[in-house]
Amino acid sequence: MRGLLILLSILLFSGQVFAYDLVLPRDKKSIVTSNYAFFVGKAKNTEFITINDEKVFVASNGAFAHSIKLKDGENRIVVRSNFNTQVYKIQKNKPSVSAKSDFIGFEPQKYIVKKDNTPLRSTPVDYGMNRISHLFKDTVLILDGYQGDFYRVKLSKNKSAWIMKSAVEKFDCETFVPEFVNMNTERFKNASLHTIEFTGKLPYTVDENEKEIVFKVYNPFKSEDSVYTVNIKKPEKYSYKTELCGGKYSFKVNHIPSELTVVIDPGHGGSEKGALGCLGDKEKDITLKIALELKEILAQKGINVVMTRECDANVSLDDRVKIARENCANIFVSIHLNSIPDIKMDIHKNRGTSVYYYNPNSKSLANSVQESVMSAIGTRKDGVRTASFAVLRPTDYVGILVETAYMTNPLDSVLYKSESFAKNAAQGIAEGILHFVN
């Protein structure tokens, strides 16, 4: 009898040692609106794992990740290995779809912008790459209709834009008709300053083509064709800043100097863990390791470095931008690791290094950093893309967000778990920055 108990104890202990451990999903029962369920975890290499009878790839370090297509209603998903079996029940609900609103016009009315940095958009949608400027507090607009949560802004005879209803309020001054005062350009060694002055605050837009930055200020109160345009030849490497004082717009275009200030932004931190890896690693910890290595490398090159965080701390998106602006950053680099979106996972495709930018002045840096990081850490090319991330939207610095590898890809986990990953990733980012500058 005693021998039997010992044998049972050994078998139970073996099951506990070798049974897989799931990082995601966190709960056995859940309600979602996504199309796929992702199972992310770790196992011993002696385990043979299936999910709903689909074989699961396990990397050399035990990491695995697998997606299952969900049908509407209840989904019963069985995760089985030669040591353990677990059943998950996931209820997929259809996401609520808002009915498309029709445009409703009304007689032109004057409204005023309530706060600084209010997005003026090309479409009535509160996301994406549709920002055409960021308006200043007390800018006066003419509105002539609405669609959903947006008012339509009349800029000129052939151009309109959109602004959130909540961002403006009625303006009752019937005599408001700003007059043009002056237009001027000053050129300096590493910058140019362009000013347009009116007797009131008016809406503006910024557009960039291959060779020029085009600033336009609109005065629909004067006439439908009252548009004041400044065409500025783009330097090779540049940033620009828009300011409004009274009715005077200042557009300053700066060349990127050789004596740089680089702001390094380790993604997430504190209660914001970021993505979870197959082996339970937190994105916020890995980004900080890379950032600290990058700080040391750039400092050795004589570059002034500012960190948005140097420990495991909460830092808001607004504060990250504020730190960059207060320190007159020339380059802003946000460091992250990626995760799989709501698609069917392909472990050979959904992996590697990607770099995001928002403003055209940052595209060259994004390309340079992606190539050098891939070379340094041996990742797959996952692409250079645009994205409307809050830390990338400011135009007064060149900004990129680097997704060094995928937290939830078992093949990439072998890379980011290596002792040399943080240092090599930092070296790749540094080389990309130096190549861009030089």
Side-chain angles (χ1 to χ4, degrees), residues 101-183 194-209 212-232 240-251 253 358-360 388 393-395:
S101 302
D102 293 328
F103 174 75
I104 298 175
F106 52 67
E107 286 298 312
Q109 299 175 18
K110 294 174 185 175
Y111 278 70
I112 191 168
V113 176
K114 294 195 287 188
K115 63 179 183 179
D116 285 335
N117 203 40
T118 296
L120 185 67
R121 299 180 183 271
S122 58
T123 57
V125 180
D126 190 25
Y127 60 86
M129 302 290 293
N130 63 352
R131 296 173 184 236
I132 52 179
S133 67
H134 292 86
L135 300 180
F136 295 88
K137 185 177 184 295
D138 296 333
T139 298
V140 184
L141 308 171
I142 292 179
L143 309 181
D144 64 356
Y146 66 90
Q147 182 173 330
D149 295 328
F150 285 82
Y151 284 125
R152 189 170 74 176
V153 181
K154 185 177 180 61
L155 296 176
S156 67
K157 182 178 180 180
N158 299 314
K159 190 172 181 64
S160 59
W162 300 87
I163 195 165
M164 287 284 287
K165 289 179 178 178
S166 59
V168 293
E169 59 190 6
K170 277 282 186 77
F171 182 67
D172 296 324
C173 181
E174 294 296 328
T175 60
F176 182 81
V177 181
E179 296 289 338
F180 171 74
V181 177
N182 187 37
M183 183 182 291
H194 311 264
T195 59
I196 308 177
E197 187 173 1
F198 299 85
T199 56
K201 295 184 178 181
L202 294 166
Y204 78 100
T205 61
V206 183
D207 186 32
E208 295 191 52
N209 56 42
E212 291 181 319
I213 306 168
V214 182
F215 294 96
K216 291 185 178 181
V217 181
Y218 301 84
N219 189 3
F221 305 92
K222 191 72 175 176
S223 76
E224 288 188 332
D225 296 315
S226 183
V227 182
Y228 295 79
T229 303
V230 180
N231 298 73
I232 304 165
Y240 64 88
K241 188 173 184 178
T242 309
E243 294 181 330
L244 178 60
C245 182
K248 185 176 182 178
Y249 271 106
S250 298
F251 306 112
V253 180
Y358 182 80
N359 296 303
S388 183
R393 288 196 291 261
T395 60

Problem - Test item: Lys201 side-chain N/O and Leu244 main-chain N/O as donor-acceptor pair under 3.5 Å - result: no

Problem - Test log, rule side-chain contact (heavy atoms from CB on, under 4.5 Å), inputs Thr229 and Val214 - result: CA-CA 7 Å; Thr229 303; Val214 182; 3.7 Å; yes

Problem - Heavy-atom check, side chain of Asn231 versus side chain of Glu212, under 4.5 Å - result: yes

Exercise for the section: Can you see which heavy atom on Ile132 is nearest to which on Ala161, and at what distance? Expected result: CD1-CB, 3.8 Å

Problem - Side-chain ion pair, Glu179 and Lys222, N-O less than 4.0 Å - result: yes

Handout entry: Straight-line distance of Ser101 OG to Gln147 CD, nearest 0.5 Å
Key = 6.5 Å

Practice task
Taking atom NZ of Lys154 as the centre, report whether more than 12 heavy atoms of other residues, nucleotides or ligands fall under 6.0 Å from it.
Solution key: yes

Exercise for the section: Kindly compute the distance separating OG1 (Thr205) from CG (Leu135), expressed to the nearest 0.5 Å. Expected result: 10.0 Å

Practice task
Could you check Ser388 against Tyr358 for side-chain contact (heavy atoms from CB on, under 4.5 Å), going step by step and ending with a plain yes or no?
Solution key: CA-CA 6 Å; Ser388 183; Tyr358 182 80; 3.8 Å; yes

Fill in the blank from the handout: dist Asp225:CG -> Asn158:CG (nearest 0.5 Å) comes out at 7.5 Å

Exercise for the section: Report, as yes or no, whether the 6.0 Å neighbourhood of atom NZ on Lys110 holds more than 12 heavy atoms from other residues, nucleotides or ligands. Expected result: yes

Practice task
May I ask you to say whether Arg152 pairs ionically with Asp144, meaning some side-chain N is under 4.0 Å from a carboxylate O?
Solution key: yes

Handout entry: Heavy-atom pair of closest approach, residues Thr118 and Ala167
Key = CG2-CB, 3.6 Å

Practice task
Using atom types as modelled and distance alone, determine if a side-chain donor or acceptor of Ser133 lies under 3.5 Å from a backbone N or O of Val206.
Solution key: no

Exercise for the section: State, yes or no, whether a side-chain contact exists between Asn219 and Phe180 at a heavy-atom distance under 4.5 Å. Expected result: no

Handout entry: Thr123-Asn130 side chain donor-acceptor pair, cut-off 3.5 Å
Key = yes

Exercise for the section: Flag this pair as yes if the NZ/CZ of Lys165 is under 6.0 angstrom from the six-membered ring centre of Tyr146 and inside a 45 degree cone about the axis; otherwise no. Expected result: yes

Exercise for the section: Any chance you could lay out the side-chain contact (heavy atoms from CB on, under 4.5 Å) test for Tyr240 and Ile213, step after step, and finish with the verdict? Expected result: CA-CA 10 Å; Tyr240 64 88; Ile213 306 168; 4.1 Å; yes

Practice task
To the nearest 0.5 angstrom, please state how far the NZ atom of Lys248 sits from the CE atom of Met183.
Solution key: 12.5 Å

Problem - For the student: nearest non-hydrogen atoms of Met164 and Phe150, plus distance - result: SD-CZ, 3.3 Å

Exercise for the section: Give the minimum heavy-atom separation between Tyr218 and Leu155, together with the two atoms involved. Expected result: CB-O, 3.4 Å

Fill in the blank from the handout: Residues Val168 and Tyr151: closest non-hydrogen pair is CG2-CD1, 3.7 Å

Exercise for the section: Hey, can you tell me if Phe176 and Phe221 have their rings parallel, tilted or perpendicular (30° and 60° cut-offs)? Expected result: perpendicular

Fill in the blank from the handout: So OH of Tyr111 and CG of Leu143: to nearest 0.5 Å the spacing works out to 6.5 Å

Fill in the blank from the handout: For Gly200 and Pro178 the tightest heavy-atom approach is N-CB, 3.9 Å

Practice task
Apply the test side-chain hydrogen bond (donor to acceptor under 3.5 Å, both in side chains) to residues Glu197 and Asn182: give CA-CA distance (whole Å), side-chain angles for both, the deciding distance (0.1 Å), then the verdict.
Solution key: CA-CA 5 Å; Glu197 187 173 1; Asn182 187 37; 5.2 Å; no

Handout entry: Whether Arg131 side chain and Leu120 backbone form a donor-acceptor pair below 3.5 Å
Key = no

Handout entry: Donor + acceptor pair across side chains of Thr139, Tyr204 (<3.5 Å)
Key = no

Handout entry: Side chain proximity check, Val227 to Val217, heavy atoms < 4.5 angstrom
Key = no

Problem - Check ion pair Asp138-Lys114 (N to O, under 4.0 angstrom) - result: no

Exercise for the section: Would you give the length of the straight line joining atom CD1 of Ile163 to atom CG of Asp149, rounded to the nearest 0.5 angstrom? Expected result: 13.0 Å

Practice task
Please list, chain by chain and in numerical order, all residues satisfying ring-ring contact (aromatic ring centres under 6.0 Å, His included) with Phe251, sequence neighbours excluded.
Solution key: Phe215, Tyr249

